[in-house]
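Report on one structure; see the data block that follows.
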Amino acid sequence: MANRIQAIRGVSDILPERSPAWRELEQVLIDVLDSYGYQEIRLPIMEKTEVFARAIGEHTDIVSKEMYSFADRNDDSITLRPEGTAGCVRAGLQHGLFHNQTQRLWYLGPMFRHERPQKGRYRQFHQIGVEAYGMAGPDIDAELILLCQRLWRQLGLDGLQLELNSLGSTESRAAYREVLVDYFGQHRDQLDDDSRRRLEHNPLRILDSKNPDMQALIADAPALADHLDDESRAHFAGLCELLTAAGIDYVINPRLVRGLDYYNHTVFEWTTDQLGAQATVCAGGRYDRLIEQVGGPPTPAIGFAIGLERLLELLGLDPGPRQPHVYIVTGEGAAARALQLADQLRDALPGLRVMSHCGGGSLKSQFKRADRNGALLALILADDELASDRVTVKPLRGQGEQHSVAQAAAADTVKELLAAAALPETDSTPQ
RNA sequence: GUGGGAGUAGCUCAGCUGGUAGAGCUCCGGAUUGUGGCUCCGGUGGUCGUGGGUUCAAGUCCCAUCUCUCACCCCA
């Protein structure tokens, strides 16, 4: 084990033990998205670097220090996607998806950021992203939040808190930024190192500082809410009304600022206190100017992303492996007939999971394997059976004695025995 | 990028003030010569993360490095 090659730091394998939980989670997410009429868009994992640099913002942390970028063989700069929105916008523009139409889209897959790994944060991680294009009003904002709420409910997850804020229109956001830089600039001596850095790049983030020494200064800072223009105020008020009407609990967090440059108006986060420092499970907001900014027509848009590793950790799903219904135990020289019999069963009984024993070994060891695999039935195909054209059926979970049947009748027998045994525990259906 | 904790068998871990490696589970075999689960017996499996240093002697002490982990930063 000493010098064996290892995976890249912060990048992990999802082993067979864990993959059923992923599948189950993904299935619930997809079913809910289907129920809202959202359609899947499959996007490349890498893009030209400028796709991200232009959309996310050159001086954000993501672009300035967290991207996996490399020169390809033509010396073009390519980047492994650190998030999904930029690529989604690129694809939508490239294929005219935003031309005089609205779109409701989702995508699912790995994202890459070169950060120091810690609980709930990895260099390759998975997000499901949901985006709605071409709709300017607060109704679509509310729809997305309701969609989230339904996801949590379907997953059996409670205890998430919804935090909301409005950054205002791009103009009012820019104006507020000036005011804030002014304010913190006058109190530069009271800022910690981090915040001094933020002052240049993302002054709004100072508001979100965890440093207790800065809280007083932050409390006295000019409030974002006081600098919203009328339209921004109306949009935000409209959203709040819709959420209240829908019975959604939320907290307005005036310090909620997102790290990516493209956000304006509504921003929101669903947070938990169960994941240590990584409290955010789902986050998103409006980016009405992004599409123009990257060369498209003015197109309002809003989206959010969910970190699947974080969600999975909260859920503690543990479905266990999919056990075979039938395990075929073979004697020497029975391999051909066993493989045939297995396929015969699969043909006759769709959905049946059949494993043929491969690799030889004593019957004892094969039975052990059948048991370990969780099979409900063992079918024995050895010398006696081959000679008599029969097969021995042995229930492994206490549904009666073993007996011999004609090979041609094997499927019927299996069907009867499985119908008699309660199957649900073997079908790893979500509970 | 910065700081704390940790790396001993495939997995979970023990190994006291340095004397040169152990358990449980898994896997393989046997008790049970066509038959799993329970029990018992036996076996495979470790250059103790890596490299260097101190010492007669290092899993144990020191340094470096890598990885994991938690936190800061930032984010999903």
Side-chain angles (χ1 to χ4, degrees), chain A residues 1-12 15 17 56 60-66 82-85 108-130 192-195 197-198 201-202 205 208-211 256-260 268-272 275-285 303-314 327 329-332 334 357 359 361-387 392-398 401-402 404:
Chain A
M1 118 186 226
N3 275 328
R4 255 183 279 168
I5 196 158
Q6 290 186 316
I8 296 167
R9 174 173 216 179
V11 163
S12 51
L15 301 178
E17 189 186 359
I56 301 170
T60 57
D61 276 37
I62 291 182
V63 173
S64 64
K65 55 187 195 200
E66 295 174 359
E83 55 98 58
T85 300
L108 166 60
M111 306 291 166
F112 305 85
R113 291 183 200 172
H114 191 104
E115 299 179 272
R116 197 75 177 268
Q118 72 185 67
K119 188 178 180 66
R121 191 173 73 191
Y122 310 98
R123 290 186 172 179
Q124 175 174 339
F125 61 102
H126 296 77
Q127 286 186 338
I128 189 160
V130 181
D192 59 18
D193 291 348
D194 284 330
S195 295
R197 211 161 9 86
R198 291 177 185 130
H201 299 312
N202 195 349
R205 273 227 79 90
D208 210 15
S209 173
K210 288 173 193 162
N211 186 342
L256 178 60
V257 175
R258 318 279 10 276
L260 285 62
F268 63 94
E269 284 190 6
W270 293 86
T271 58
T272 174
L275 285 181
Q278 262 52 50
T280 306
V281 173
C282 168
F304 67 82
I306 299 173
L308 299 188
E309 281 83 358
R310 291 179 187 179
L311 199 48
L312 224 33
E313 190 150 350
L314 281 182
Y327 193 98
V329 167
T330 62
E332 216 166 314
H357 182 85
S362 62
L363 286 190
K364 178 189 172 70
S365 66
Q366 294 190 39
F367 268 98
K368 208 166 197 167
R369 200 66 64 81
D371 185 56
R372 283 287 155 104
N373 277 299
L376 290 174
L377 299 175
L379 299 195
I380 304 135
L381 207 54
D383 292 349
D384 293 353
E385 287 82 1
L386 286 179
T392 303
V393 180
K394 175 172 180 171
L396 296 176
R397 311 286 157 206
E401 293 301 304
Q402 80 174 46
S404 159

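To find a chain, count down the sequence lines: A is the first, B the second, and so on, and within it residues start at 1.
For the pair A/E385 CD and B/U35 P, the computed distance is 12 Å after rounding to whole Å. As rounded to whole Å, 12 Å separates atom P of B/G1 from atom CD of A/E66. Rounded to whole Å, the distance from CG on A/D61 to C1' on B/C72 is 13 Å. Regarding A/K364, its NZ atom lies at a distance of 5 Å from the P atom of B/G36, rounded to whole Å.
At a threshold of 4.0 angstrom between heavy atoms, the contacts of A/E309 with the nucleic acid are absent.
For A/Q118, counting side-chain heavy atoms from C-beta on, the closest listed nucleotide (B/A76, B/A71, B/U67) is B/A71. Minimum atom distance to the side chain of A/R121 is reached by B/C72, of the listed B/U2, B/U35, B/C72. Listed nucleotides B/C68, B/A76, B/G37 differ in distance to A/R9; the shortest reach to its side chain belongs to B/C68. Closest to the side chain of A/K65, out of B/G36, B/C73, B/A76, is B/C73. Among B/C74, B/G36, B/U35, the nucleotide with an atom closest to any side-chain atom of A/T392 is B/U35.
Within the structure, every side-chain polar atom (N or O) of A/R113 is placed at least 4.0 Å from both OP1 and OP2 of B/C74. Taking only side-chain nitrogens and oxygens, A/R198 comes nearer than 4.0 Å to OP1 or OP2 of B/C74. Taking only side-chain nitrogens and oxygens, A/R116 never comes nearer than 4.0 Å to OP1 or OP2 of B/C75. Contact annotation: A/R369 side-chain N/O to B/C28 OP1/OP2 distance is under 4.0 Å.
Not a single donor-acceptor contact under 3.5 angstrom links the side-chain atoms of A/R372 to the base of B/C27.
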